[in-house]
Amino acid sequence: AWRAAIRPAQEIGAPLSAQTQAFSEFASKLSNASWMFLLSVAVAAIAAGYALERVFRASMLRWLPQPLADSGTGIQASLVFLTKRLVREAAGVVVFVVVSAAIVDFLMPDAFEQYAFAALMTLVLAPRVAYTIVRFVLTPKFPKHRLVFADDETSKFLTRHSVGMALVIGTMQFVSQFNVLSGAPDQASSIVFWFDILLRVYFVWIVWRSWHGLARMMKGFDDEVSPWESRIAGTYPVFAIISVLGMWWLINVIAS
């Protein structure tokens, strides 16, 4: 089992070389003009999608007005404020995807359309969805409506790096889809192993940097917690790190 787990680490040059070869072969199919055209289509799709999303979200304010951030107190007022914002933002993301996908479908050459869709879904949509969901819970700009007990610094840090983790996951998914679409060598698929390690190291770093904030978050709004509850809250970051590393051990060592 150990050999199965460390074999990819011993052969790091092979998957990287195979992945580089796959990208090079894809690039060799394009001239400078083709590169510029594909890039122009991608930029146009994202720009048009974002522009129409903003117009749509602004129009939604007419029939789904956002309450003032400083109006009302308590969980009910917070849920009303956050849910209305979530609905508007989620609907805007749907508009963005539909418009961008339509432009890609209309303008992108057939040979590259699947690559473009893969990039749109994994590199653009995944981080945006992560941001929308995490912002609903952590509300970095409106602490009054925050659904969890977290200070401003921890809330902003976790929001920012949750999007970063989504981008790493999205990149891993895009590379995997790219390899399937381009018929890359089997060795290139081993690159996912390194993305997985990067993702777990990133997670451990996030927990380490926000250790005290996460522990305080577990204590909740009640300052009068028992010593036992305080001790459990303080060890929560340790549990999170052990869980992530333990899952890696289970998948790559025990199950190999």
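With rounding to the nearest 0.5 angstrom, the CE atom of M108 is 7.5 Å from the CZ atom of F37. With rounding to the nearest 0.5 Å, the separation of CD1 in I191 from CG in L198 is 10.5 Å. Rounding to the nearest 0.5 Å gives a distance of 6.5 Å between CE of M172 and CG of D196. Taking NE2 of H145 as the reference point, atom CZ of F81 lies at 5.0 Å (rounded to 0.5 Å).
Applying the 4.5 Å side-chain rule to ILVMFWY residues, one finds Y131 in the same cluster as V163. Residue F239 belongs to no hydrophobic cluster, having no ILVMFWY side-chain heavy atom closer than 4.5 Å to its own. Here V98 is tied into one hydrophobic group with V94, each link being a pair of ILVMFWY side chains closer than 4.5 Å.
With respect to the salt-bridge test (charged N to carboxylate O, under 4.0 angstrom), the residues D152 and K156 do not qualify.
For I46, the side chain to side chain contact (heavy atoms under 4.5 Å, CB included) partners are F96, V124, not counting sequence neighbours. Residues satisfying the salt bridge (Lys or Arg N to Asp or Glu O under 4.0 Å) criterion with R57, sequence neighbours excluded, are E53, E89. By the side chain to side chain contact (heavy atoms under 4.5 Å, CB included) test, T122 is found to be paired with Q173, F174, Q177, residues two or more places apart in sequence or in another chain being considered. Annotation: salt bridge (Lys or Arg N to Asp or Glu O under 4.0 Å) contacts of D151 (sequence neighbours excluded): none. With sequence neighbours excluded, the residues satisfying side-chain hydrogen bond (donor to acceptor under 3.5 Å, both in side chains) with R54 are Y50. Listed by chain and number, the residues in a side-chain hydrogen bond (donor to acceptor under 3.5 Å, both in side chains) with Q21 are E25 (sequence neighbours excluded). Here T132 pairs with nothing under the side-chain hydrogen bond (donor to acceptor under 3.5 Å, both in side chains) rule; sequence neighbours left out. Residues passing the side chain to side chain contact (heavy atoms under 4.5 Å, CB included) test with M36, sequence neighbours excluded: none.
Follow the hydrophobic side-chain contacts under 4.5 Å out from V55 and you never reach V87; the two are in separate clusters. Under the 4.5 Å side-chain heavy-atom criterion for grouping Ile, Leu, Val, Met, Phe, Trp and Tyr, V180 is not connected to Y115 through any hydrophobic cluster. Connection of L39 to V104 is not established within any shared hydrophobic cluster, with ILVMFWY side chains joined at heavy-atom distances below 4.5 Å, either directly or through further cluster members. Residue L167 is not grouped with residue F117 when hydrophobic side chains (ILVMFWY) are merged at heavy-atom distances under 4.5 angstrom, including chains of intermediate members. Side-chain heavy atoms closer than 4.5 Å link hydrophobic residues (I, L, V, M, F, W, Y) into clusters, and following such links, possibly through other members, connects V41 to F26.
Residues F142 and L82 have side chains not in contact (no heavy-atom distance under 4.5 Å, counting atoms from C-beta outward). Proximity of F193 to I197: side-chain heavy atoms (C-beta onward) are separated by under 4.5 Å at one or more points. Proximity of S162 to I206: side-chain heavy atoms (C-beta onward) are nowhere separated by under 4.5 Å. Counting only heavy atoms from C-beta outward, the side chains of V134 and L158 never approach each other to under 4.5 Å. Within the 4.5 Å cutoff, the side chain of T154 has no heavy atoms near those of the R216 side chain. Here the side chains of V175 and V192 are not in contact, with every heavy-atom distance at 4.5 Å or above. Counting heavy atoms from C-beta outward, L147 and I75 have side chains that approach closer than 4.5 Å. The shortest distance between side-chain heavy atoms of T139 and P143 does not fall below 4.5 Å.
Distance alone, capped at 3.5 Å, is enough to place a donor-acceptor pair between the R200 side chain and the V244 backbone. With S100 contributing its side chain and A45 its backbone, the two residues share a donor-acceptor pair below 3.5 Å. With R88 contributing its side chain and G92 its backbone, the two residues share no donor-acceptor pair below 3.5 Å.
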Begin from the C-alpha positions of F195 and I169 and carry the test side chain to side chain contact (heavy atoms under 4.5 Å, CB included) through to its verdict. CA-CA 8 Å; F195 272 110; I169 294 173; over 6 Å; no

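Annotation for A130 and A166: closest pair CB-CB, 3.5 Å, computed over non-hydrogen atoms. Of all heavy-atom pairs spanning R146 and P140, the tightest one is NH2-O, 3.3 Å. Across all non-hydrogen atoms, the minimal contact from K144 to S78 is O-OG, 3.7 Å. Considering all non-hydrogen atoms of both residues, A101 and L120 come closest at N-CD2, 3.9 Å.
Listed by first and then second residue, the side-chain hydrogen bond (donor to acceptor under 3.5 Å, both in side chains) pairs that reach into residues 201-214 are H161-Y202, sequence neighbours excluded.
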